[in-house]
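All remarks here apply to the structure that follows.
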There are 2 protein chains.
Amino acid sequence: MSDCMSCVVRNRAICSALNPDELGALSKLGRKQVVSRGQTLVWEGDESLVVANVIRGVLKLGVSTADGREQIVGVVFPSDFIGRPFGKESPYSVNALTDAEVCIFTRSSFDDFAKDHPDLQHKLLQRTLDELDRARQWMMLLGRKTASERIATLLLEISNRLGNTGCSSIAPFLDQFELPMDRQQMGDVLGLTIETVSRQLTKLKEAEMIALPDRRTVVIKDRQRLQNLAEAA
Amino acid sequence: MSDCMSCVVRNRAICSALNPDELGALSKLGRKQVVSRGQTLVWEGDESLVVANVIRGVLKLGVSTADGREQIVGVVFPSDFIGRPFGKESPYSVNALTDAEVCIFTRSSFDDFAKDHPDLQHKLLQRTLDELDRARQWMMLLGRKTASERIATLLLEISNRLGNTGCSSIAPFLDQFELPMDRQQMGDVLGLTIETVSRQLTKLKEAEMIALPDRRTVVIKDRQRLQNLAEAA
DNA sequence: GTCGTTGCTTGACTTGAGTCAATGCGGCAG
DNA sequence: CTGCCGCATTGACTCAAGTCAAGCAACGAC
């Protein structure tokens with residue numbers, strides 16, 4: 001890889017655990033790769049051969065049943081880590097929701113490097129613990145929240161995840177943003193159908209909590225009310 | 001703690017990463033604690049002050065909304081690790097489903113110990129990755145499976161988790177076992193109501209896939225058919 | 001014994017979300 | 001400009017699961 005030191009996620013990705021020398025060593029193992037929207041990086045059930053850091057773009061982690069039902073079990077943003085280090089087949093597929101750029105490693109070379117760098121493993125552990133907490137919050141959503149609560153939660157989550165680019169702590173969240181996914185994919189994240197997603201968005205628009213200038217753009221007009229709805233109070 | 005070397009989960013818990021000397025040092029930091037059914041070990045939203053290994057019994061991790069809906073986001077069995085190391089408040093409460101025994105540490109002393117023991121962190125990372133995979137599989141269940149598929153999945157999961165005690169690799173799963181939870185709690189794990197749980201269990205019984213000799217006992221009579229149902233084919 | 005209590009099951013009815021089927025709309029190729 | 005194509009929205013209807021309300025069975029206290 002050419003230049004980790006100038007990488008836009010240098011200070012947020014797990015690489016931030018490494019000093020310049022270590023970073024140089026790691027950079028020899030990986031390479032940047034562009035992934036275009038819709039492209040699949042890893043298939044569900046395949047042996048886990050690669051891991052990666054997200055540099056730019058948004059990707060989804062998806063599980064599907066034999067009869068074609070799909071559930072998106074994770075959405076990864078820049079600086080997030082992708083993959084299943086230390087063996088095991090990947091229990092989900094990884095797919096680009098938008099054009100993206102990742103910094104990719106073979107699993108075996110990454111594993112070897114990680115074994116010798118406890119600080120890197122520590123960062124990875126923290127990240128995995130955070131991801132687990134997020135997954136559990138999502139379990140509450142999928143098990144117990146109503147359709148409108150789910151939509152409200154998703155919009156706020158995306159607003160936060162897109163806002164926290166870290167570069168500018170001025171914007172902890174965004175009041176206007178582009179959805180990195182279409183209606184079907186929103187349904188797949190929320191455990192709903194495309195029609196229910198559409199209807200609930202219309203309701204939130206009619207209630208003036210949000211505006212939808214075009215299919216992909218969301219404006220949060222009343223964050224407080226949206227938050228109350230999301231928190232299922 | 002008196003005697004880690006003779007601990008029943010010695011070879012399966014994260015402690016298996018440690019040599020006898022290290023184990024001796026860790027044992028000075030922790031203590032065994034008996035927890036009785038229904039007792040709460042950690043409250044949702046409280047600062048995470050303790051972590052623990054489960055020695056005996058089954059505990060649940062639960063999240064609830066302001067208006068009283070509950071979702072169980074994890075069930076932990078002997079040798080599993082409980083808690084949120086490295087800061088952060090606990091996003092869920094921890095509750096004993098059965099009488100249990102845990103080996104408990106203050107978070108800060110465990111954190112300090114872990115910092116100096118990369119092998120322990122490595123074990124913890126692997127365990128957390130496994131737990132994350134399990135949580136994601138459960139997201140598929142909560143988002144996309146029907147009531148009967150959910151029940152079938154839960155019964156098989158409990159059969160496997162109770163079977164894999166590690167002590168005897170003879171029994172990879174059990175065909176008869178005691179449910180470590182009541183109907184309400186099954187509903188809370190599956191995102192269903194108590195009535196739906198009861199009705200679906202009756203259906204599985206009528207279809208002769210299982211038998212229910214008493215409220216808490218389950219006998220798997222046709223594992224293959226139950227598995228087909230669970231896999232949502 | 002019999003009275004409560006607690007947890008589970010069953011039945012009748014309601015409802016939130018799914019299904020099926022048009023219709024609408026914005027962009028782009030020709 | 002026109003017509004098509006790929007989403008997205010909307011409407012009418014269905015159905016799986018939830019709600020509300022009895023009953024039932026096992027167990028312990030007295």
Side-chain angles (χ1 to χ4, degrees), chain A residues 36-38 65 67-71 97-98 140-155 178-207 210-219 229 232, chain B residues 36-38 60 65 67-72 97-98 140-155 178-207 210-219 229 232:
Chain A
S36 46
R37 182 199 287 204
T65 58
D67 64 347
R69 283 171 274 174
E70 174 159 12
Q71 176 67 43
L97 287 172
T98 66
M140 156 52 87
L141 176 145
L142 293 169
R144 295 303 190 194
K145 287 190 184 177
T146 64
S148 54
E149 289 164 357
R150 293 183 198 203
I151 296 279
T153 308
L154 177 65
L155 296 180
E178 293 274 290
L179 289 170
M181 58 187 84
D182 63 26
R183 297 290 186 269
Q184 179 60 60
Q185 290 158 342
M186 292 176 73
D188 290 342
V189 178
L190 298 173
L192 298 171
T193 59
I194 186 170
E195 293 96 330
T196 301
V197 170
S198 179
R199 280 189 252 268
Q200 296 300 332
L201 282 172
T202 308
K203 274 195 191 165
L204 292 183
K205 191 174 65 180
E206 280 167 355
I210 60 168
L212 301 166
D214 69 78
R215 346 188 115 187
R216 289 268 179 169
T217 317
V218 174
V219 183
L229 182 55
Chain B
S36 47
R37 181 197 287 200
K60 72 179 171 77
T65 57
D67 64 348
R69 282 172 274 174
E70 172 156 15
Q71 177 66 43
I72 295 178
L97 287 172
T98 66
M140 156 53 87
L141 176 145
L142 293 169
R144 295 301 189 197
K145 287 191 184 175
T146 64
S148 54
E149 290 163 358
R150 294 183 198 201
I151 296 279
T153 309
L154 177 65
L155 296 181
E178 294 274 289
L179 289 170
M181 58 188 83
D182 62 27
R183 298 292 187 269
Q184 179 61 58
Q185 288 159 341
M186 292 176 73
D188 291 341
V189 178
L190 298 172
L192 298 171
T193 58
I194 187 172
E195 293 95 332
T196 301
V197 170
S198 179
R199 280 189 251 269
Q200 296 300 333
L201 282 173
T202 307
K203 274 194 191 165
L204 293 184
K205 190 174 64 179
E206 281 167 356
I210 61 169
L212 301 166
D214 68 77
R215 344 186 118 184
R216 289 270 180 166
T217 316
V218 175
V219 183
L229 182 55

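Letters A, B, ... are given to chains in the order of the sequence lines, protein chains preceding strands, and every chain is numbered from 1.
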Atom pair distance, as rounded to whole Å: CE in A:Met186 and C1' in D:dT9
14 Å
So, B:Thr153 and B:Lys145: side-chain donor and acceptor under 3.5 Å apart, yes or no?
yes
For A:Leu192 and D:dA17, what is the distance between atoms CG and P respectively, to the nearest whole Å?
15 Å
In whole Å, what is the span from the CG atom of A:Leu212 to the P atom of D:dT10?
10 Å
Side-chain N,O (B:Ser198) to OP1/OP2 (C:dC8) below 4.0 Å
no
With no angle test and no hydrogens, is the base of C:dG16 tied to the side chain of A:Arg199 by a donor-acceptor pair under 3.5 Å?
no
Identify, between B:Thr146 and A:Glu195, the residue whose nearest nucleotide on DNA chain D lies closer to the 5' end.
A:Glu195
How long is the line joining NZ of B:Lys205 and P of C:dC8, in whole Å?
13 Å
Heavy-atom nearest nucleotide on DNA chain C taken for B:Leu201 and for A:Arg150; more 5' hit belongs to B:Leu201
Under 3.5 Å, is there an N or O donor on one side and an acceptor on the other linking the side chain of A:Arg215 and the base of D:dC7?
yes
Specify the separation, in whole Å, of atom CD1 of B:Ile194 and atom P of D:dA17.
17 Å
Short question: side chain of A:Arg216, backbone of A:Met181 - any donor-acceptor pair under 3.5 Å?
yes
From CD of B:Gln200 across to C1' of C:dT10 the rounded distance in Å is 14 Å
Once you apply a heavy-atom cut-off of 4.0 Å, does A:Gly191 come out as touching a base, just sugar-phosphate, or nothing?
sugar-phosphate
Specify the separation, in whole Å, of atom CG of B:Asp214 and atom C1' of C:dC8.
12 Å
Can you tell me how far CG of A:Leu192 sits from CZ of A:Arg150, rounded to the nearest 0.5 angstrom?
5.0 Å
Hey, are B:Arg69 and B:Asp67 close enough for a salt bridge, meaning a charged N less than 4.0 Å from a carboxylate O?
yes
Could B:Asp182 and B:Arg215 be called an ion pair, given the rule that one side-chain N must be under 4.0 Å from one carboxylate O?
no
For the side chain of B:Thr196, counting heavy atoms from C-beta on, which of C:dG18, D:dG18, D:dT9 is nearest?
D:dG18
May I have the distance from B:Arg183 (atom CZ) to C:dT6 (atom C1'), rounded to whole angstrom?
14 Å
Would you say a side-chain N or O of B:Thr202 is under 4.0 Å from OP1 or OP2 of C:dT10?
yes
